[in-house]
Amino acid sequence: MRTEARLFTGVAVFFAVTAAGYGWRSHEPAGTAALALAFVMAALVAFFLRVQHRRHGERAQDRHNAEVVDTAGPVDFFPPHSPWPVTVACGAILLALGVVYGLWLALIGLGVLGHGVFGMVFQYAGRGTELPRQDSDSPSRGGGSPTS
């Protein structure tokens, strides 16, 4: 992720320089705020990628002498199903409707949205970092011969 972190750092620097120059020359607050927000978002992605690189080390894509076989194996854990995206969507809808119909509905929507985001973030918080081992001689996984 080193390459991606460098790319987003460059994008963040570009937006910072552009925002400073635009704000200095135009004195227009809306465009300056939009460019500053673009800088913050690019800097956030660059920071995340740098932390991931530090935490997980170099990938095969980051090395010049890597082979294709170096990227073989399980990629990561992908959750099979989750109720939290539906909860987040319902909370966002209630929040948007609350803007139209009243503060009481917006507060309910904010609570449902917060609950959904909290559930989505911490759904797999207790899960270990190791991937489950796949035995080739286990009949339930399709490998080996079943004994009956």
When clusters are formed by joining ILVMFWY residues with side-chain heavy atoms under 4.5 Å apart, either directly or through shared neighbours, do [X] and [Y] land in the same one?
X      : Y      : answer
Val100 : Leu105 : yes
Met41  : Phe48  : no
Leu97  : Val112 : yes
Tyr124 : Val121 : no
Val40  : Tyr22  : yes

[X] and [Y]: which non-hydrogen atoms are nearest, and at how many Å?
X     : Y     : answer
Ala5  : Ala46 : O-CB, 4.0 Å
Glu28 : Ala30 : OE2-CB, 3.1 Å
Ala19 : Leu35 : CB-CB, 3.6 Å
Phe39 : Ala16 : CD1-CB, 3.6 Å
Val11 : Ala42 : CG1-CB, 3.8 Å

In a check of side chain to side chain contact (heavy atoms under 4.5 Å, CB included) between Leu113 and each of Leu95, Leu94, Thr87, which one passes? Leu95
Applying salt bridge (charged side-chain N to carboxylate O under 4.0 Å, His left out) to Arg50 and not counting sequence neighbours gives none
For the CZ atom of Phe47 and the CD atom of Gln52, what is their distance to the nearest 0.5 Å? 10.0 Å
